[in-house]
Amino acid sequence: MPPLPAEGRHAVVTGAGRGIGAAIAAALHAAGAKVALLGRDPARLAAQAAKLGPETVAVPVDVADEESVAHAFATVRSRFPGIDILVNNAGLAESAPFAKTDRALWDRMLGVNLTGTYLCSRQAAPAMAKQPYGRIVNVASTAGLVGYAYVTAYCAAKHGVVGLTRALALELAKTPVTVNAVCPGYTETDIVRDAVANIVAKTGKSEADARAALTARNPQGRMIRPDEVASTVLWLCSEGAASITGQAIAVAGGEIQ
């Protein structure tokens, strides 16, 4: 039998306890990688790790905290000889009009979405650049490519992730490491379910109408599935994607042209 696409690779996926992160971890594992699942909820991570098998590592982390990130990656390195793939998926989304976007909300959005990507990349990129292969994939959002009302802090953070991706890709272009961003549209995750609930609470719309308002942005008229995002990440981690770097790929049914 031919080798699996990620056979022998060691991957770290942040925000891997649920949603897109769990789907990415499962896809990489199915492709032959050994995967470290990082996230805030130890019980959720342990449950996901149990589904994937005994060689899967579950490591609690707060990606916005430098000390926590350093400790988590030290734990991963004690289990893996090196990190070949880093998927910065951990994210947080909250909505508010700009006038009600206080400093605490702003700091939360940038802390998890942008600073977390920076801190985890710093832990992995230097050693990865000395290896014969390396992949960093940042899960951004269509909010990193265009603006959306009432999520200014989230948009600012995700635009920052796309900028970081492009700049780091150039710095590492002479190495075997590629750096790309995947930008999903509205996806069937807890974050979107919370957004729907928020719309219902604040506008009085039905859940069906709230979902329709979100899916209307997608020309295909539907939510994106987590496994569709995972498939894009898996391709970017393949040998065949070695010339793809510095890109922000929308997985959004044609919403972004």
Side-chain angles (χ1 to χ4, degrees), residues 6 9-93 108-128 131 134-141 157-158 161 164-165 168 177 179-182 184 187 189-191 226-227 229-230 233-234 236-237:
R9 306 297 189 195
H10 296 89
V12 174
V13 182
T14 69
R18 59 183 180 176
I20 291 172
I24 291 169
L28 287 167
H29 179 267
K34 294 180 181 178
V35 186
L37 312 179
L38 274 60
R40 283 178 176 269
D41 189 327
R44 197 186 298 270
L45 291 174
Q48 290 296 330
K51 292 179 184 178
L52 298 185
E55 293 188 321
T56 304
V57 181
V59 184
V61 68
D62 175 359
V63 297
D65 182 87
E66 187 168 7
E67 185 175 342
S68 178
V69 170
H71 178 75
F73 275 80
T75 301
V76 172
R77 284 190 290 267
S78 73
R79 298 288 299 274
F80 291 170
I83 298 170
D84 304 300
I85 296 167
L86 170 63
V87 182
N88 287 305
N89 167 75
L92 183 65
R108 284 196 301 276
M109 293 303 98
L110 268 68
V112 173
N113 295 298
L114 181 54
T115 302
T117 298
Y118 154 76
L119 290 173
C120 292
S121 297
R122 281 198 71 196
Q123 285 289 327
M128 197 181 282
Q131 300 170 180
R135 298 288 186 269
I136 297 174
V137 182
N138 300 321
V139 179
S141 166
K158 292 298 188 180
V161 170
L164 185 158
T165 299
L168 185 56
V177 182
V179 188
N180 291 287
V182 173
T187 306
T189 63
D190 289 347
I191 285 177
D227 65 281
V229 183
V233 172
L234 188 60
L236 288 170
C237 293

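One-based numbering along the sequence shown. Basis for what follows: all heavy atoms, side chains included, without hydrogens, waters or symmetry-related copies.
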Where the side chain of N180 meets the backbone of N138, is there a donor-acceptor pair that is under 3.5 Å apart?
no
Quick check against the 3.5 Å criterion: does Q131 have a side-chain atom that pairs as donor or acceptor with the backbone of I83?
yes
May I have the step-by-step check of side-chain contact (heavy atoms from CB on, under 4.5 Å) for L52 and L37, ending in yes or no?
CA-CA 10 Å; L52 298 185; L37 312 179; 4.3 Å; yes
With a 4.5 Å heavy-atom cut-off, do V87 and V139 have their side chains touching?
yes
I want to check something: taking the side chain as every heavy atom from C-beta on, are R18 and R44 in contact at a cut-off of under 4.5 Å?
yes
For S68 and A64, indicate whether the former's side chain and the latter's backbone hold a donor-acceptor pair under 3.5 Å.
no
Is a side-chain donor or acceptor of H10 paired with a backbone partner of F80 at a separation under 3.5 angstrom?
no
Within the 4.5 Å heavy-atom criterion, are F73 and V12 side-chain neighbours or not?
yes
Mind checking what makes side chain to side chain contact (heavy atoms under 4.5 Å, CB included) contact with T14, not counting sequence neighbours?
L38, V63, N88, N89, A90, C120
Please evaluate residues V35 and V57 with respect to the criterion side-chain contact (heavy atoms from CB on, under 4.5 Å), reporting the C-alpha separation (whole Å), side-chain torsions for both, the decisive distance (0.1 Å), and the verdict.
CA-CA 6 Å; V35 186; V57 181; over 6 Å; no
Go through V69 and Q123 one step at a time and tell me if the side-chain contact (heavy atoms from CB on, under 4.5 Å) criterion holds.
CA-CA 8 Å; V69 170; Q123 285 289 327; 3.8 Å; yes
Side chains of L86 and R135: does their closest heavy-atom pair fall under 4.5 Å?
no
Are side-chain heavy atoms of I85 and L28 found at a separation under 4.5 Å?
yes
Salt-bridge contact R40-D62 (side-chain N to carboxylate O under 4.0 Å):
yes
Does the side chain of M128 come within less than 4.5 Å of D84's, by heavy atoms?
no
